[in-house]
2 protein chains.
Amino acid sequence: MDIPRKDVHNSDTPLLCQACESRHRGVCGALTSDQLLRLSKHSTRRSVEPGTELVGESLQAKSYSNIISGVVKLSKMMADGRQQIVGLQFAPDFLGRPFRAENGVSAEAATDVKVCSFPRNVIERMIGEMPELEHKLLEQTLTELDEARDWMLTLGRKTAAEKVASFLLLISTHAFPDNEAESVAFDLPMSRVDIADFLGLTMETVSRQLTKLRKDNVIHIVNNRHVSVPDLTRLSDRAGY
Amino acid sequence: MDIPRKDVHNSDTPLLCQACESRHRGVCGALTSDQLLRLSKHSTRRSVEPGTELVGESLQAKSYSNIISGVVKLSKMMADGRQQIVGLQFAPDFLGRPFRAENGVSAEAATDVKVCSFPRNVIERMIGEMPELEHKLLEQTLTELDEARDWMLTLGRKTAAEKVASFLLLISTHAFPDNEAESVAFDLPMSRVDIADFLGLTMETVSRQLTKLRKDNVIHIVNNRHVSVPDLTRLSDRAGY
DNA sequence: CGGCTACTTGATAAATCTCAATTGTTGTGG
DNA sequence: CCACAACAATTGAGATTTATCAAGTAGCCG
């Protein structure tokens, strides 16, 4: 995106952060240059491929991350293998559960993902010292709670057709948060199986509903992943709003 | 209820709060006597009947509440009347969404409910001044998010039989948070229709699944509302855990 | 081009919903 | 205390939606 501008007045902002697309968004937006410097001493950036587990059993418990780009899926699994995706996270969301062991939620990269990670103890210390940081976290958590509850309505009360339309609408709005136009186009960040696991359906049902939307010209699909929506209002109607 | 007891050592704790069953739980646990005093100057207690709307269009936007006793259901409704209950709240939960207009969630007393309410602006000012209060809110919000995600798994992936068992288990554990015994008995806080709206089912399906659990001696029901569970492990098995 | 995987499509089965009738519970007035 | 009305819950039969199982097709990568 933006190339970092030289800024003498901010020469103490860490280089890594100057180049970060999320510098002013997400939790880092709450930090001063000094604080960023402290944090960046312990931060590491990495890019991961789709399918990489970011929180689970492996490398998670000791670190928190900011999502810089890409989509992360949060999911839960039952003993017999049934799976439910309980949330999608986009940049600049914060990844990781402060003050608590993860509650059986695992996080996995859905697309190529870039994250900036910090050790758990550094973050927790800073949270204790900086009310503003905790405030940002509360805001994000409240947003996630709203989204979770919206999705509960989708899972519990919508038909398969409405669910699939709701999913497409969700991706439309999150891919371009301030899109005002009536049409959009995007790549689906996940497979039919993942979509089914997010909607509480089977892959086949998802596929059939996509076909129906396609036949009704509500959407166009090329190469299975690329979707264009000529009229968001019509999609929204199909989603039950 | 209780008549406030005189307590010389806490003579500066407001009488109202001394008598409050939730004094040391929930968000008030974060407050000192001084702070409680300030808050209690503006607080009002009331008891409401089942069905009373606590947050919605009416008396909500300007106040927050602590639940002192009873069960509150949070729900969402679609334009055509389909309804989904997206959460249940028990004492000493905090009721109301700080820093934000309610996101289409309405709160209604499921049982007889007692609440202690505060004006919005007083709470928001205190939150700004007291990091500890915000921390408590973050903790509660994280807990609610965990519960919402657990329920998403139930809504999306469990069978009707597992859903009904999950509901009974949820009530069992929340009615007696630190029950260690293997059996419990309680009154259901809501009707079959409400249970169906919580589980994303119809009333008839809920009824049939309760009958099945009853015939299998996993539960006993008297007068439609009173349930006893002789063996929580068996119920838990039925819930898919 | 060939092989692998993801996706689509079709036929059938299973779960859940809908509609309708019946039973049970609670509260009221005599 | 009983009879009755009003409401809540159960039960049954049939319709509908979605899942399951089984091919078949398309896109992707060597």
Side-chain angles (χ1 to χ4, degrees), chain A residues 49-51 73 78 80-84 110-112 154-168 187-216 218-227 238 240, chain B residues 49-51 73 78 80-84 110-112 154-168 187-216 218-227 238 240:
Chain A
E49 297 186 333
K73 57 189 206 217
M78 293 175 64
D80 61 6
R82 279 176 283 176
Q83 193 171 38
Q84 176 67 44
T111 62
D112 283 310
T154 300
L155 288 173
R157 286 301 184 207
K158 290 191 182 175
T159 64
E162 290 169 332
K163 284 179 176 182
V164 171
S166 298
F167 170 75
L168 294 173
D187 283 325
L188 291 177
M190 54 218 249
S191 71
R192 301 292 188 270
V193 174
D194 279 348
I195 297 171
D197 282 345
F198 191 31
L199 294 170
L201 299 171
T202 58
M203 189 192 64
E204 293 91 334
T205 299
V206 170
S207 179
R208 283 185 242 271
Q209 297 301 334
L210 285 173
T211 299
K212 197 176 291 178
L213 288 171
R214 192 151 36 76
K215 287 194 172 147
D216 293 350
V218 178
I219 59 174
H220 297 264
I221 304 183
V222 301
N223 291 352
N224 287 341
R225 285 295 185 110
H226 190 78
V227 175
R238 295 292 191 115
Chain B
E49 298 185 333
K73 55 189 206 217
M78 293 176 65
D80 61 6
R82 279 176 284 175
Q83 194 171 36
Q84 176 67 45
T111 61
D112 284 310
T154 300
L155 288 173
R157 286 303 184 204
K158 290 191 183 177
T159 64
E162 290 169 333
K163 285 180 176 182
V164 171
S166 297
F167 169 75
L168 293 173
D187 283 324
L188 292 175
M190 54 218 245
S191 70
R192 300 293 188 272
V193 173
D194 280 347
I195 297 171
D197 283 344
F198 191 32
L199 294 170
L201 298 171
T202 57
M203 188 191 66
E204 293 91 333
T205 299
V206 170
S207 180
R208 284 185 242 270
Q209 298 300 336
L210 285 173
T211 300
K212 197 176 293 180
L213 288 172
R214 192 150 36 76
K215 288 194 172 145
D216 294 349
V218 178
I219 58 173
H220 296 263
I221 305 182
V222 300
N223 290 352
N224 288 338
R225 285 294 186 111
H226 191 78
V227 175
R238 295 292 191 117

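The figures here come from the full heavy-atom set of this structure, side chains too, leaving out hydrogens, waters and symmetry mates. Every value quoted in this text rests on a predicted model; they were computed, and no experiment measured them. Each chain gets a letter, A, B and so on, in the order the sequences are listed, and its residues count up from 1.
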Residues B/Asp197, B/Lys73: salt bridge by 4.0 Å N-O rule: no
Can you tell me how far [atom2] of [N] sits from [atom1] of [X], to the nearest Å?
{"X": "B/Met190", "N": "D/dC7", "atom1": "CE", "atom2": "P", "value": "21 Å"}
{"X": "A/His226", "N": "D/dC28", "atom1": "NE2", "atom2": "C1'", "value": "18 Å"}
{"X": "B/Asp187", "N": "C/dT25", "atom1": "CG", "atom2": "P", "value": "14 Å"}
{"X": "B/Glu162", "N": "C/dA15", "atom1": "CD", "atom2": "P", "value": "12 Å"}
{"X": "B/Leu201", "N": "C/dC17", "atom1": "CG", "atom2": "C1'", "value": "10 Å"}
{"X": "B/Lys158", "N": "D/dA19", "atom1": "NZ", "atom2": "P", "value": "18 Å"}
{"X": "A/Leu155", "N": "C/dT16", "atom1": "CG", "atom2": "P", "value": "15 Å"}
{"X": "A/Lys212", "N": "D/dT17", "atom1": "NZ", "atom2": "P", "value": "9 Å"}

Donor-acceptor pair (no angle test) under 3.5 Å: B/Glu204 side chain, C/dC19 base: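 Answer is yes: a donor-acceptor pair is held.
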In terms of side-chain heavy atoms of [X], which of [options] is nearest?
{"X": "B/Asn223", "options": "C/dT16, C/dT26, D/dT10", "value": "C/dT26"}
{"X": "B/Ser207", "options": "C/dT18, D/dT20, D/dA9", "value": "D/dA9"}
{"X": "B/Met203", "options": "C/dC7, C/dT16, D/dT10", "value": "D/dT10"}

Verdict with supporting geometry, A/Leu168 and A/Leu210, side chain to side chain contact (heavy atoms under 4.5 Å, CB included): CA-CA 10 Å; A/Leu168 294 173; A/Leu210 285 173; 4.0 Å; yes
On the nucleotide [N], are OP1 or OP2 found under 4.0 Å from the side-chain N or O atoms that [X] carries?
{"X": "B/Arg192", "N": "D/dT10", "result": "yes"}
{"X": "B/Thr205", "N": "C/dC17", "result": "yes"}
{"X": "B/Thr159", "N": "C/dA15", "result": "no"}
{"X": "B/Thr211", "N": "D/dT11", "result": "yes"}

5′-ward residue of the pair A/Arg208/A/Arg157 relative to DNA chain C: A/Arg208
Toward the 5' end of DNA chain D, by each residue's nearest nucleotide, A/Val206 or B/Arg225: B/Arg225
Interatomic distance, B/Leu199 atom CG to B/Phe167 atom CZ [nearest 0.5 angstrom]: 7.0 Å
Inter-residue atom distance A/Met190.CE - A/Arg225.CZ, 0.5 Å rounding: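 Rounded to the nearest 0.5 Å, the CE-CZ separation comes out at 9.0 Å.
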Exercise: identify the closest heavy-atom pair between B/Ser166 and B/Lys158: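 So the minimum-distance heavy-atom pair works out to OG-NZ, 3.0 Å.
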